[in-house]
Each structure stands twice: as C-alpha cells, then as structure tokens.
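Notes follow once the structure below has been shown.
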Amino acid sequence: ESLEWRTRMRVVGLVLWAAAVVVGVNYGKNEAASSPAISWDLEEDVWYALRMQNTSAGVLRSSTERSGNLVRTRDDMTVKINRGEDSVKLWFLTEMVEDATTGLVLRSGYTQRMAEDEIRMDYEFNETGVEVTSLQSGRTHTSSLPAINSAHLARHAVRLHIRSELAAGATSIDYVTIKPEMGAKLHNCSMAFQRSETATVRGEPVDTTVWDTTIEGMPIKVTEWMDGRGDVVRMLIDSGAGVIEAILSTKSSAEDAAAAETSAPELVDSTHVVLANPAPELHAWTGATEALYTVWSKNGQSLELPTAGFQSVTPNPKDGSKVTVRVDLRGANPATLAELTDLNFIQPSAMIDTSDEAVRSIAVAALGDLFLSPHGPRANADVYARARKLRDAVKAHITTFNLKTGYASASETARRGEGDCSEHAVLLAALLRVDGIPSRVCSGIVYTERAAHSYLQSGSDDAGRTGRPGVVGSFAWHAWSQAMIGGNWVDLDATLHTSAYSVGHVLMGTSGMDDGAGHSDEMVMVSMIGNLEMEVDSVA
C-alpha cells in the first residue's frame, strides 16, 4: 500500500506534459522568457474548453502579442484531475519570443505548476549557444548548451507557414520547430490531410479540414480540425490514458464549464495494468531474483521496451505487439559505448544539481569517512556498497508522502524531505553523482496490491479481476534510479523499505535529466499509458 501511494504522481505528469507539448500551453500569469521593459500589443486571444474522459477538465488560452519586430506567443492551460480519491489542480506554461523577419526563436521557456511545486526553465538562443536558466523555490541554476544553427521555424512562424500551405491547397505540410517543453532541440513535424468536414463551433456550423499531426518524439495520435484561415477549432489528443479534447470556445463559456464540473478525470488508478491474478511473489521481501513477463499493447501496435539494468527484452517473432521481459537480479546489462562516454550522466543539471550543499550534505552524512576516500579506481563491490548507502539515505530522508509534490528537483527534495517516487529517484540520482557514480532516472511500472473495495471505488472497469479474496494485483507507473557500476547499469529503488530492487519492476524508459532534454526522454512512454496488458509467466 505504501509503494502504491508513492507511485501516484508519476503518470499524471507524463500524460499532461504530452498534452502541453501538443498544444504549446502556457500559464499566462508568469513571465518566463520575457524581456524586461517590453510593451506587448495583443493581436490574438483565443480560448478553448478542455475535456478528458468525457468530463470538463480545464481551460486553454492561446494568445499572440507583438512589439516591433518581435512576436510572443503565450498560452494558458489550467487542468483539474483526480488521483484516486484525491484531486489536484495543475498549470503549465510555455512561451516563445521570435524574430518576425527570420521566424527564428530568440527566447522560450516553460513553467510547470503541479500541486505546490513550480519549476521554471528559460532558454535564450544566440549564435554561440543556448543559455539555460532554471528556477525552483527561489533557487537558480544556469548552464550552457550548443547553438542550434539548423533551419527551423518558431511557433508563430509555423502558424503562418501552415496558413500559406493551406491557401496553396497542400495535402501534406512539414516543418521543423522547437518545443520548449522538450528542451532545446529541433523536432520534425508532419501534417497529413484526412478529409473535409463540417464542424459545430460555438453552436455554428463551420467548414473545416481534418489533419493528422505527427510530432517527432511524441508517439501519440493528434487530430486537428482547421477552419479556412488555418486556425485550430478542435483538437483530439489520444494520450493512451484517454482522449484529451480542446474545443474552440469563449472565455466565459470555457471558464463556466470548468467551474461547473463536479467530477474530474481520473488519471492514476485507471492507468494501472491489472493482472488476471495477484502475484505476491513479486514483492521485494520475498527474495525472488528472476521474473518472466509477457507484455503487449492493447491496440496491437509494435511495442519496444529497453534492455537495460536488470531487464532484458526479447520481441515476439510472431506478434510484434508482444515482448518477453526477463528481470534477473543476478546480472545487470552493460551500458552502451555512447552511455559510457555521456557526460550527462555525471554532470549537474537543474533537476540534479550536485553542487547544491543541501544535496551534498546528505551524501556526506550517508557515506561518512568513505566520502573522503579517493574517487579513483574502486572495486565494483565497494561502489555498489556506497550506492546502497546512498539509496538507504534517500529512503530515510524522505519522511513525508503526500499529494503536495509535483516533480521536485533534488535540491528541493533535499530541503523539504517529502515527495513520491519521482522525488526519490531524482534525489538518489543526485547523491550518486556527488559520489562520482554516473546515474539516471528510470520510468516504468511496479507491482502493487490494493484492497478490492478501494479499487472498486476508484471506478476502474477492471476492478473485478481478483484472484485472491479482497486483493487486486496490478502494475502502477513508477520511477526509480540506475547507477553505472563497472560499466553496467544497476537498478536502485529508494522507495522500497529494505531491498534495493525487486523483480516486480518493468522498465519503460530512462533519462539523464539534462537541461537540454526537457521532458523529451519521457514522452516515448505516453503511448504506453493505458495501453498495456501483461501476464506473469514465472517467478523464481
């Protein structure tokens, strides 16, 4: 029950960040990436009502402003969701300032505000590089990234490009752009015409064209309805956890609909992968060292899971939607050559600031005199022993588990001592790097059990699948850490009471949490949320 509680926030962030990337959302009351003393003239101000799981979920505002030769695009999304029986309000922000003549990005940024946490990232682009500034709870972190010199279009320039292509009768539209939420990287985007259709917008019929949009690094289906001008009047985002719909509205109508909704979409319990029968032998305390699973996608699409850490994945030669997953705690898989030389696994970042004294003090206290030993060649057994001590230190340090934490940095967690699985994973990754051990954060699913009556209350349509009286076994979305020891990735879960890891984990993806990546490393998992089925073949 304790482990299930600590997994709750993980899936919420992934699903809603996927929506944020697609619509380019922004919480308008913040000033991320804004130039001081610039007066902006409002050119466009558009409102959308948001719906998820057939209920009103929030409001999206999209605005365009101009100041001389500068254009700033801003959007505002407010969402209310349920996590089991609890509810929380979330805000997301992105902003982009561009040169109207060249269409290139000058500044961009995003802010995520989840529960009581707010993290802000600003990017400033120039010919020599990208300057990154992050801010959380009054603490600032800065870094520099290589310059982006390849051709691309900023957000407003993309809108103008789409309008031009539509006017020319195009049936496919391609462009390269920057998504602030996905870091300082270029992303290829493609739009394909599907059909013409009359849509009802604000109660009136509107002639539209329907397009399927593909965004590199975002394995989800996006369908857009555009009017004759090229403005989006409706959008459907198939996130796996359910369809997210944005419908053109007015300010008052969108806000009134959100305020009047008494129920909010549930994005935690409904995304569990429920087993036909509970498998208590998967718990860490049983001492199991090997487990074999068959995992497949509900929609029949090809499923790709990583071979890394204690996990090995074999595709099913007869069914591309299925894979065999073996978790063997007796031997970790080696890192790739690229991973062995990737400095992002050892360098500090906004989320993993190893120079922060609050973070370093936890590592020093955990290792004691060991911390003073040289960081030269060390026996693998010694490195693993140090990693275990750091894992135990995170477990002891985070004493409060509640719904107030969104996705805090290691610095924030070191000071507050509270969080769920994400905070455990990020803080442990930071402590490992303080001790010179390369690390990264893992996302996946973990075995958990709940009382059947609580699962029934959650509204899951799988609640009846119990194999033991009063117990439902399922896999919940989770986060943990990996340490590179002796050239191998070794899994460590700081949420477990005494064990370092268990066979009840299935890895979906990893991230070095570097400043340039944003949330791009995690987006590959969005298509899996709500789209997985699995069987436990054996446990030994």
Side-chain angles (χ1 to χ4, degrees), residues 20-26 28 30-44 46 62-75 92-111 120-134 142-168 170 172-191 213-218 229-232 350 514-520 523:
V21 171
V22 172
V23 300
V25 295
N26 176 336
N30 286 276
E31 291 296 331
S34 299
S35 295
I38 291 182
S39 177
W40 297 97
D41 296 323
L42 182 64
E43 289 190 343
E44 294 183 87
V46 184
S62 177
S63 63
T64 303
E65 302 165 301
R66 186 179 294 271
S67 179
N69 204 41
L70 300 178
V71 175
R72 180 172 70 172
T73 50
R74 296 170 60 88
D75 306 291
F92 298 87
L93 176 152
T94 64
E95 177 181 84
M96 187 170 285
V97 177
E98 61 194 86
D99 186 319
T101 302
T102 64
L104 297 180
V105 179
L106 299 177
R107 291 179 296 277
S108 68
Y110 72 79
T111 299
R120 172 171 151 182
M121 294 287 291
D122 294 341
Y123 301 90
E124 183 164 354
F125 300 80
N126 55 57
E127 294 180 354
T128 60
V130 182
E131 301 303 318
V132 185
T133 304
S134 70
T142 60
S143 61
S144 298
L145 301 172
I148 296 179
N149 297 317
S150 300
H152 64 276
L153 296 177
R155 193 151 59 188
H156 183 64
V158 166
R159 295 175 184 173
L160 298 179
H161 173 65
I162 291 173
R163 290 171 183 173
S164 175
E165 292 292 287
L166 287 175
S172 63
I173 303 173
D174 299 317
Y175 56 91
V176 180
T177 190
I178 292 173
K179 296 281 186 180
E181 321 84 278
M182 303 277 275
K185 297 181 178 180
L186 297 180
H187 295 273
N188 296 306
C189 303
S190 299
M191 299 173 58
T213 299
T214 302
I215 302 173
E216 183 183 20
M218 289 287 298
R229 183 171 178 256
D231 293 334
V232 176
D514 57 286
D515 292 337
H519 291 267
S520 60
M523 287 300 104

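- Residue L70 holds its CG atom at 6.5 Å from CZ of R107, rounded to the nearest 0.5 Å.
- Residues L145 and D514 have side chains not in contact (no heavy-atom distance under 4.5 Å, counting atoms from C-beta outward).
- We find the CE-OG distance between M96 and S108 to be 5.0 Å, quoted to the nearest 0.5 Å.
- Taking each heavy atom of S67 and S39 in turn, the nearest pair found is OG-O, 3.1 Å.
- Listed by chain and residue number, R159 satisfy the side chain to side chain donor-acceptor pair (under 3.5 Å) test with T64 (two or more places apart in sequence, or in another chain).
- Remark: A147 pairs with N149 by the side-chain contact (heavy atoms from CB on, under 4.5 Å) rule, at least two apart or across chains.
- Note: S62 OG to R74 CZ = 11.0 Å, rounded to the nearest 0.5 Å.
- In this structure, T133 and R120 have side chains that are not in contact, with every pair of non-hydrogen atoms separated by 4.5 Å or more.
- S172 is linked by a side chain to side chain donor-acceptor pair (under 3.5 Å) to nothing, counting only residues two or more places apart in sequence or in another chain.
- Scanning for side chain to side chain donor-acceptor pair (under 3.5 Å) contacts around E216 gives N188, with sequence neighbours left out.
- Here the closest non-hydrogen pair linking V71 and A100 is CG2-CB, 3.9 Å.
- Note: F125 CZ to I178 CD1 = 4.0 Å, rounded to the nearest 0.5 Å.
- The two residues R163 and G230 have their closest heavy-atom pair at CG-CA, 4.2 Å.
- Residues L106 and E98 share a closest heavy-atom pair of CD1-C, 4.0 Å.
- Using modelled atom types, one side-chain atom of H161 and one backbone atom of D174 make a donor-acceptor pair closer than 3.5 Å.
- Taken to the nearest 0.5 Å, the OG1 atom of T73 stands 3.5 Å off from the CZ atom of R155.
- Residues S134 and M121 come closest through the heavy atom pair CB-SD, 3.1 Å.
- For L104 against A154, the heavy-atom pair with the smallest separation is C-CB, 4.0 Å.
- Residues passing the salt bridge (Lys or Arg N to Asp or Glu O under 4.0 Å) test with E131, sequence neighbours excluded: none.
- Partners of T177 according to the side-chain contact (heavy atoms from CB on, under 4.5 Å) rule, which considers only residues two or more places apart in sequence or in another chain, are V158, Y175, K179, C189.
- Here the straight-line distance linking atom NE2 of H187 with atom NE2 of H152 works out to 11.5 Å at 0.5 Å rounding.
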